[in-house]
Amino acid sequence: MRVSRYFLPVLKETPSDAQIVSHRLMLRAGMIRQAAAGIYSWMPLGLRVLQRIEKIVQEEQQRAGHIPLLMPTLQPAALWRESGRYDDYGEEMLRIKDRHGRDLLYGPTNEELITDIFRSHVRSYRDLPLTLYHVQWKFRDEIRPRFGVMRGREFLMKDGYNFDVDRESALHAYNRHMVSYLRTYERMGLKAIPMRADTGPIGGTHSHEFLVLADTGESEVFFDSAISELNLGGRSVDFNNWQECAAIVDEWTQPYARTEETHDPRTFELEVPEERRRSSRGIEVGQIFYFGTKYSEPMGATVAGTDGTQVPVHMGSHGIGVSRLAGAVIEACHDDRGIIWPEAVAPFPVGIINLAPKDDKTSDICERIVRGLESSGIEPLLDDTDERAGAKFATMDLIGLPWRITVGPRGIADGYVELTRRSDGETEKLGPEQVVEKLIDIFRAAGLTN
RNA sequence: CGGGCCAUAGCGCAGUUAGGUUAGCGCGUUCGUCUGGGGGGCGAAAGGUCGCGAGUUCAAAUCUCGCUGGCCCGACCA
């Protein structure tokens, strides 16, 4: 993509409405534009990030054996009356009437719809286990939306629902989700810690929230520093293996890690040596629940068990805040010049700065680099505009692409271009062919190209 | 939902306390020119129903009332 033909409305000054760093940077980098309080348009650069995050979420869900579908944003009130939540949910639910006066609502979540789908099509324990999920826009009419996409009213969320024949298999589904969530966040370049959490209005007996540590997080969290050392690395996981999933869950839930709602200072001091006790702010980027038969019983979601009698299914639900993650990544990865995207979610993997677009030789080298990268499936963003060099550098730093290639007459005269890593500014001089080869190697090693 | 505050050019702001000719400034935009490796210099230009509606007044961006939208703190929340 060429900057001259792209739509990248960056701002030099910080809009006064934005308070936290991710909101400021998303506005300045031209990723989002507010349409109303807590409601945003996703501009081209922001959409690319959102889509890359969603793609990782989708791939990891499917790797764990979960089945995608797509439920609507508008839902009939009747189903919510059936579960009793139409009245319970309160003002946060956006209620709408259609032209016939029928009550609709803009879905804040989908337990009722999914349970309705399940009960009308699944009859036997033989159809289980089943986990259905979708990635869909939700609306919660927050009293006070803030922090940009981190706490918007409209937000994109992956929500999934597991149906199992009994408690044990539903708990395996719980474990399976925890492992797949750990993989999901790790692939995005994030450290997200599962913390024992309150089950809140969704109810149930088990729940963990996943928190990304960041100063601007909305919750206070307490944890054993040992948990931040853990990572899955490239470990391959058999998601059908109950013991294997349970072992990983044990590993990650043994160290103390709780949000303020469930935090118990005495246990904390008893279990965790003083030098490993940590407290921090955290951004919640996902939550998993096991709630048994809470919805299946009142809504009649039953299957025929092995002995032929009808039993209510055991369920759980699981969510990942896809749009919120775009903000959370920035909170975790930025400096005073702008965003520093992890390679896995960057809107473009590489930015190329042409310092002399009017110089044929320089432009020619840029074109060759672009073609070289594109032939390996790497799409760079080429700044071919007539801006000042300083402005181009500043914009490139702001939008935070992981790698920058600087092409100018000065270097070309000596046969090199410069490759700079955004995260630490490390720069090396390479020939135009070498820079392409080197990047291809890097992205291949990271599994981001073929 | 309690408390506080804001709305003037695309963005950031001044002007409102004490009403008074043609509403300014910086950045951005357009044109010209010099420049050309970290948001450059010079010169010119375009761009405003001062959020909307009533009212007070000889006169309203400025005072009063109502409305709409937005922000911050708290409670709440993926």
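Note that this is a predicted model, so its numbers are computed, not measured. Within every chain, numbering begins at 1; the chains are lettered A, B, ... in the order of the sequence lines, protein sequences first and strands thereafter.
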Salt bridge (charged side-chain N to carboxylate O under 4.0 Å, His left out) pairs, two or more places apart, involving residues 131-153 of chain A: A/Lys138-A/Asp159, A/Asp141-A/Arg153, A/Glu142-A/Arg151

Of all pairs that satisfy salt bridge (charged side-chain N to carboxylate O under 4.0 Å, His left out), the ones with a partner from residues 56-72 of chain A, not counting sequence neighbours: A/Lys55-A/Glu59, A/Glu59-A/Arg187, A/Glu60-A/Arg63, A/Glu60-A/Arg183, A/Glu60-A/Arg187

Output all residues satisfying side-chain contact (heavy atoms from CB on, under 4.5 Å) with [X], sequence neighbours left out; order by chain, then residue number.
X        : result
A/Thr420 : A/Arg404, A/Thr427
A/Ala78  : none
A/Arg28  : A/Leu11, A/Thr14, A/Pro15, A/Leu398

Review item, nucleotides 38-41 of chain B N/O atoms under 3.5 Å of protein N/O:
{"unit_1": "B/G38", "atom_1": "O6", "unit_2": "A/Arg404", "atom_2": "NH1", "d": "3.1"}
{"unit_1": "B/G38", "atom_1": "O6", "unit_2": "A/Arg404", "atom_2": "NH2", "d": "3.1"}
{"unit_1": "B/G38", "atom_1": "N1", "unit_2": "A/Asp397", "atom_2": "OD2", "d": "3.0"}
{"unit_1": "B/G38", "atom_1": "N2", "unit_2": "A/Asp397", "atom_2": "OD2", "d": "2.2"}
{"unit_1": "B/G39", "atom_1": "O4'", "unit_2": "A/Ala391", "atom_2": "N", "d": "3.4"}
{"unit_1": "B/G39", "atom_1": "O2'", "unit_2": "A/Lys12", "atom_2": "NZ", "d": "2.6"}
{"unit_1": "B/G39", "atom_1": "O6", "unit_2": "A/Arg28", "atom_2": "NH2", "d": "3.1"}
{"unit_1": "B/G39", "atom_1": "N2", "unit_2": "A/Thr395", "atom_2": "OG1", "d": "3.3"}
{"unit_1": "B/G40", "atom_1": "N7", "unit_2": "A/Arg388", "atom_2": "NE", "d": "3.2"}
{"unit_1": "B/G40", "atom_1": "N7", "unit_2": "A/Arg388", "atom_2": "NH1", "d": "3.2"}

Polar atom pairs (N or O), protein with nucleotides 70-74 of chain B, under 3.5 Å:
{"unit_1": "B/G70", "atom_1": "OP1", "unit_2": "A/Ala37", "atom_2": "N", "d": "2.7"}
{"unit_1": "B/G70", "atom_1": "O3'", "unit_2": "A/Gln34", "atom_2": "NE2", "d": "3.3"}
{"unit_1": "B/G70", "atom_1": "O2'", "unit_2": "A/Asp17", "atom_2": "OD2", "d": "3.4"}
{"unit_1": "B/C73", "atom_1": "OP2", "unit_2": "A/Arg144", "atom_2": "NH1", "d": "3.3"}
{"unit_1": "B/C73", "atom_1": "OP2", "unit_2": "A/Arg144", "atom_2": "NH2", "d": "2.2"}

Contacts of A/Lys12 that satisfy salt bridge (charged side-chain N to carboxylate O under 4.0 Å, His left out) - sequence neighbours left out: none

Counterpart residues, salt bridge (charged side-chain N to carboxylate O under 4.0 Å, His left out), relative to A/Asp424 (two or more places apart): A/Arg421

What pairs of nitrogen or oxygen atoms, one from the protein and one from nucleotides 45-48 of chain B, lie under 3.5 Å apart?
none

All side chain to side chain donor-acceptor pair (under 3.5 Å) counterparts of A/Arg368, not counting sequence neighbours: A/Glu433

Reference residue A/Val370; test side chain to side chain contact (heavy atoms under 4.5 Å, CB included); the match among A/Ile352, A/Leu381, A/Val350, A/Ile405: A/Ile352

Which protein N or O atoms sit under 3.5 Å from an N or O of nucleotides 42-44 of chain B?
none

Sugar-phosphate, base or nothing in reach of A/Gly90, heavy atoms under 4.0 Å: nothing

